[in-house]
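Single-structure report; data block below.
Any value given below was found using the heavy atoms of this structure, including those in side chains, with hydrogens, waters and symmetry copies removed. The structure presented is a predicted model; accordingly, all values stated were derived computationally and were not measured. The chains referred to below are lettered A, B, ... by the order of the sequence lines, with proteins before strands, and numbering in each begins at 1.
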Amino acid sequence: MSNNYNPQEIEPKWQEQWEKDGLYRATDGSNKPKYYCLDFFPYPSGEGLHVGHCRNYVPTDVISRFKRMKGYNVLHPMGWDAFGEPAEQHAIANGIHPRQTTDRNTANYKRQMRLIGTSYDWSREVDSSDPGYYRWTQWFFLLLYKRGLAYRDMNWQWWCPTCQTTLSSHEAAGGVCWRGHEGVTKREIPAWYFKITAYADELITGLDTVDWPERIRIMQRNWIGRSEGAEIQFSVVSEQSLNKEQIAVFTTRPDTIYGVTFFVLAPEHPLVERITTPDQREEVQAYIAQAMRQSEVDRMSESREKTGVFTGGYVENPLNGEHIPVWAADYVMMGYGTGAIMGVPAHDQRDFEFARKFGLPVRVVIAPEGSSIEGSEMTEAFPAEGKMVNSAPFNGLPSGEALQRICEHIESKDLGKRTVKYRMRDWLISRQRYWGAPIPIIHCPKCGEVPVPEDQLPVLLPPMEDFRPDGSGCSPLARLSAFVNTTCPTCGGAAQRETDTMGGFACSSWYFLRFTSPDFQQGPFDPARMNYWMPVDLYVGGAEHAVLHLLYARFWTKVMADAGLVPFREPFAKLMNQGQLMGPDGQRMSKSRGNTITPDAVVDTYGADSLRIYEMFMAPFDQDVNWSMEGINGTSRFLEKIWRLYTDTWEQAGNQPQTKDDELERKMHQTIRGVTERIETFRLNTMVSTLMEFVNTLGDRQRDRTWKTSTYQQALETLMVILAPAAPHIVEELWQLTGHEGSVHQQAWPSWDADLAREEVIQVPVQVNGKLRDRVVVPADASEEDIKSAALASEAVQKFLDGKPPKKVIVAQKKLVNIVV
RNA sequence: GCCGGAGUGGCGGAACUGGCAGACGCGCACGACUCAAACUCGUGUUCCCUGACGGGAUUGUGGGUUCAAGUCCCACCUUCGGCACCA
């Protein structure tokens with residue numbers, strides 16, 4: 001046992017052996033407790049993995065290995081989110097079919113994941129672009145359709161001219177498509193939607209039942225954007241007093257209704273046309289034309305200066321009968337609420353800016369407690385609560401109470417009602433692209449929309465030579481008459497297939513279920529196995545999916561629960577987000593910046609175990625950190641030190657008489673405790689430093705030549721086992737070299753003895769007036785009284801007492817003594 | 001603007017419920033080994049004063065609570081992320 005540590009030799013050897021032995025297979029129907037540890041479904045890009053991705057895969061692997069040793073039946077699967085625009089875009093750019101590039105990329109990802117020693121159960125690998133998989137994605141589409149949660153609508157859509165496709169509002173956030181292309185615009189196209197808004201409330205309340213980072217839960221709540229308020233009907237003032245046209249506004253502040261001094265319609269609002277008076281027509285039309293020319297993005301980014309135009313029309317305030325001028329202005333959005341607002345400049349900052357710009361009156365109806373304000377003198381709106389003024393029957397009430405009273409009044413007079421609005425829109429699922437799961441719908445001239453019968457699934461994505469989008473607003477599939485032309489499943493007449501495909505987030509909204517039974521043919525998953533494994537116990541991935549995938553998957557799960565398919569309403573019990581790993585230059589790693597560090601390069605120089613340990617050691621799991629090439633030297637040295645420890649001392653350590661080393665034994669139990677607790681709480685950086693301290697202690701024994709004890713040998717045995725999750729290869733090799741049978745990864749995790757871990761003597765710091773002056777050493781079982789007298793007896797302490805009697809002596813839980821003079 | 005996280009040595013970071021600030025590692029300096037270097041090992045390494053003993057200061061800034069504050073409270077600064085005319 002004298003060869004050198006050579007990770008490049010031993011790592012592939014063990015990876016192959018583990019694979020052959022099926023060491024990481026999850027067992028269905030075992031009576032062990034289960035643990036489902038899942039990584040976010042990766043999209044296999046052509047660039048392959050860089051060390052930043054390992055920040056996700058290494059920790060989940062450590063947890064999985066640890067849980068197995070703790071006696072759990074662990075499901076730790078991996079698969080590919082293979083459909084989607086990026087694969088197709090790449091294929092178009094390089095003239096290779098996405099099937100080929102996808103297969104090549106997944107093979108590369110898999111190779112790299114093996115390279116870093118992950119323990120995935122590859123027998124459960126799934127690929128969302130495989131017909132055996134997307135058959136069930138289509139099946140779920142039909143489930144949603146049958147439950148009234150999928151519908152086709154003609155509407156203005158977000159459109160990315162680069163991707164030549166429509167986008168969901170989530171994917172178009174900020175005017176930049178989620179692939180990073182700027183210039184997202186709107187286009188009127190029929191498209192399919194999922195009615196996620198039907199679950200808006202439960203998507204908020206469900207967040208209270210899961211163990212997720214607060215940050216993500218807040219982001220989801222904000223995204224859904226629930227606001228309570230009232231819809232209030234204003235009637236249009238017109239010559240013909242019969243048949244007064246009603247126009248509703250949504251407001252969260254019905255208490256400010258007496259402060260309405262103008263009324264605003266979104267430029268797209270259908271009423272604008274009708275309410276505009278002849279003398280204002282020209283001006284209004286010019287304004288609308290100008291507003292419509294700008295994309296919604298420009299309208300938002302321009303934000304500051306308000307614009308608008310008076311229509312010449314008036315509406316009547318339903319509470320006090322006042323006639324209020326109606327304006328059209330683009331700070332009101334057609335897509336939210338009713339597309340119309342009541343302008344209350346005194347109590348809303350946006351309305352205030354608008355009023356000041358156009359010289360509209362500002363009427364205060366809520367005064368701050370104990371003072372008064374004057375509309376003409378205000379420099380900003382007063383949005384807070386206060387006391388009602390200028391509000392006829394409600395004057396003097398606190399505004400919060402007035403809000404309720406006004407709502408009651410409005411409801412009793414049938415002028416409106418309390419409602420809840422959400423910022424979140426329905427989920428646009430149509431993509432006018434090739435590389436996705438075809439939407440399983442047939443358009444029949446006689447029967448209308450007809451779902452493809454389940455026994456005819458999957459609707460196969462047909463092979464195509466040229467699948468470039470043509471800008472027609474239709475998917476390239478529309479050019480394939482053999483695909484499009486079919487017969488209606490209901491009437492048997494000639495009909496056409498839907499040619500849109502589903503966006504990739506459909507595929508990833510249920511994949512975690514497929515892993516429980518990837519071979520199942522009678523449904524998307526085997527109910528028995530799904531019941532055993534689900535929900536996911538630990539879900540780990542980047543925070544960038546906070547409102548996309550994580551919201552969609554929760555939505556689908558709730559639909560499945562309502563359909564009786566699954567017995568839970570939240571799929572991911574615990575979620576964690578790894579911190580980002582930046583390049584050495586502090587920039588996000590990317591090929592174009594040239595700062596990418598690949599696991600291949602690192603494994604080649606240092607080995608996978610060094611990489612794994614460094615990934616954990618460099619920073620807390622959820623913290624952003626820069627890669628450092630010097631830093632990894634340290635973890636590499638750590639493993640070499642361990643290797644030498646065994647090669648130098650193992651053989652003789654095994655032949656020692658039964659001599660004990662109490663201090664080392666204590667350190668060993670403390671280490672087992674430390675490592676166990678730190679893995680369980682995901683503090684993997686300090687788990688590594690705990691192991692380093694232990695190895696340093698063993699190194700001290702070797703150097704001092706005090707290592708020839710049976711305790712030392714026990715310590716070496718223990719070290720292999722507790723290091724196994726973090727550095728699986730070196731430990732497996734040592735396990736074999738030290739003459740053990742089987743795999744170290746199948747050993748039981750050791751327990752610690754609290755008595756043996758306890759120190760016999762303790763060092764108690766002594767402070768005088770809060771400043772450290774001395775430390776006294778006392779037996780661990782000393783009473784507080786003993787500690788106190790030992791502290792007072794200290795020479796250094798006496799010096800600072802300067803003969804004066806202590807005013808107060810505090811002995812804090814045997815941890816510290818503070819003497820106050 | 002609003003919401004959330006984070007500010008600790010030259011660097012990454014540690015400090016569980018308020019109780020020895022700087023664990024562990026990197027880097028650096030000196031020493032041992034070597035003809036020499038690398039590796040390895042040892043010693044030191046927050047800053048200031050001191051030859052030393054020793055002392056003082058110190059967790060972004062300012063205040064507060066407490067016997068005791070990196071940790072709790074208030075205000076502010078910086079920085080990173082999210083949202084951003086959502087009525």
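With a 3.5 Å ceiling on both atom-pair distances, the Watson-Crick or G-U wobble partner of B:G62 is B:C74. For B:G1, the paired base is B:C83 (Watson-Crick or G-U wobble, both distances below 3.5 Å). B:A29 and B:U43 make up a base pair, with Watson-Crick or G-U wobble contacts both under 3.5 Å.
In terms of phosphate contacts, A:Arg217 brings no side-chain nitrogen or oxygen within less than 4.0 Å of OP1 or OP2 of B:G82. The phosphate of B:G19 (OP1 or OP2) has no side-chain N or O of A:Gln767 nearer than 4.0 angstrom. Phosphate contact (OP1/OP2 of B:U40, side-chain N/O of A:Arg637, threshold under 4.0 Å): present. Look at A:Arg773 and you'll find a side-chain N or O under 4.0 angstrom from OP1 or OP2 of B:G56. The side chain of A:Thr690 places no N or O atom within less than 4.0 Å of a non-bridging phosphate oxygen (OP1 or OP2) of B:C24. In this structure, A:Asn769 does not reach the B:A68 phosphate: none of its side-chain N or O atoms is under 4.0 Å from OP1 or OP2. OP1 or OP2 of B:A57 sits under 4.0 Å from a side-chain N or O of A:Lys771. Using a 4.0 Å cut-off, no side-chain N or O of A:Asn577 falls inside it from OP1 or OP2 of B:G81.
Taking the P atom of each, B:U71 and B:A6 are spaced 13 Å apart, rounded to whole Å. Here, B:C30 and B:A68 have their P atoms 44 Å apart, quoted to the whole Å.
Judged by distance alone with a 3.5 Å cut-off, no donor-acceptor contact links the side chain of A:Lys815 to the base of B:C20.
Rounded to whole Å, the distance from CD on A:Glu677 to P on B:U17 is 13 Å. One atom, CD1 of A:Ile216, and another, C1' of B:C3, lie 14 Å apart when rounded to the nearest Å. Nucleotide B:C24 holds its P atom 10 Å from the NZ atom of A:Lys641, rounded to whole Å. Between the CG atom of A:Asp624 and the P atom of B:G4 there is a distance of 19 Å, given to the nearest Å. One can place CD1 of A:Ile762 at 16 Å from P of B:G19, the figure rounded to the nearest angstrom. Separating the NE2 atom of A:His269 from the P atom of B:A87 is a distance of 17 Å, rounded to the nearest angstrom. Rounded to whole angstrom, the span from the CH2 atom of A:Trp223 across to the C1' atom of B:G81 amounts to 15 Å. Remark: C1' of B:G19 and CD1 of A:Ile819 are 14 Å apart, rounded to the nearest angstrom.
Checked by atom type and distance alone, the side chain of A:Asp774 never pairs as donor or acceptor with a backbone atom of A:Ala791 at under 3.5 Å. Although no hydrogens or angles enter the test, the distance criterion places a donor-acceptor pair under 3.5 Å between the side chain of A:Tyr287 and the main chain of A:Asp330.
Looking at A:Thr686 and A:Arg678, their side chains do bring a donor and an acceptor atom within 3.5 Å of each other. Counting only N and O atoms by type, the side chains of A:Tyr258 and A:Asn317 include no donor and acceptor under 3.5 Å apart.
Residue contacts for A:Arg423: at a heavy-atom cut-off of 4.0 Å it reaches a base atom on one of the strands shown. Here A:Asn222 lies out of heavy-atom contact (under 4.0 Å) with every strand. Among the heavy atoms of the strands, none lies under 4.0 Å from A:Ser628. Looking at heavy-atom distances under 4.0 Å, A:Arg703 makes contact with sugar-phosphate atoms alone, never a base.
Looking at which nucleotide of RNA chain B each of A:Arg683 and A:Glu630 is closest to, the 5′-most match is held by A:Arg683. Each of A:Thr338 and A:Pro620 was assigned the nucleotide of RNA chain B with the nearest heavy atom; the assignment lying further toward the 5' end belongs to A:Pro620.
The environment of CD in A:Glu663 is sparse: at most 12 heavy-atom neighbours from other residues, nucleotides or ligands sit within 6.0 Å. In A:Lys357, the NZ atom is crowded: over 12 heavy atoms of neighbouring residues, nucleotides or ligands sit closer than 6.0 Å.
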**Report entry** A:Met378 vs A:Val364, side chain to side chain contact (heavy atoms under 4.5 Å, CB included): CA-CA, chis, key distance, verdict
**Finding:** CA-CA 10 Å; A:Met378 293 169 81; A:Val364 174; 3.7 Å; yes

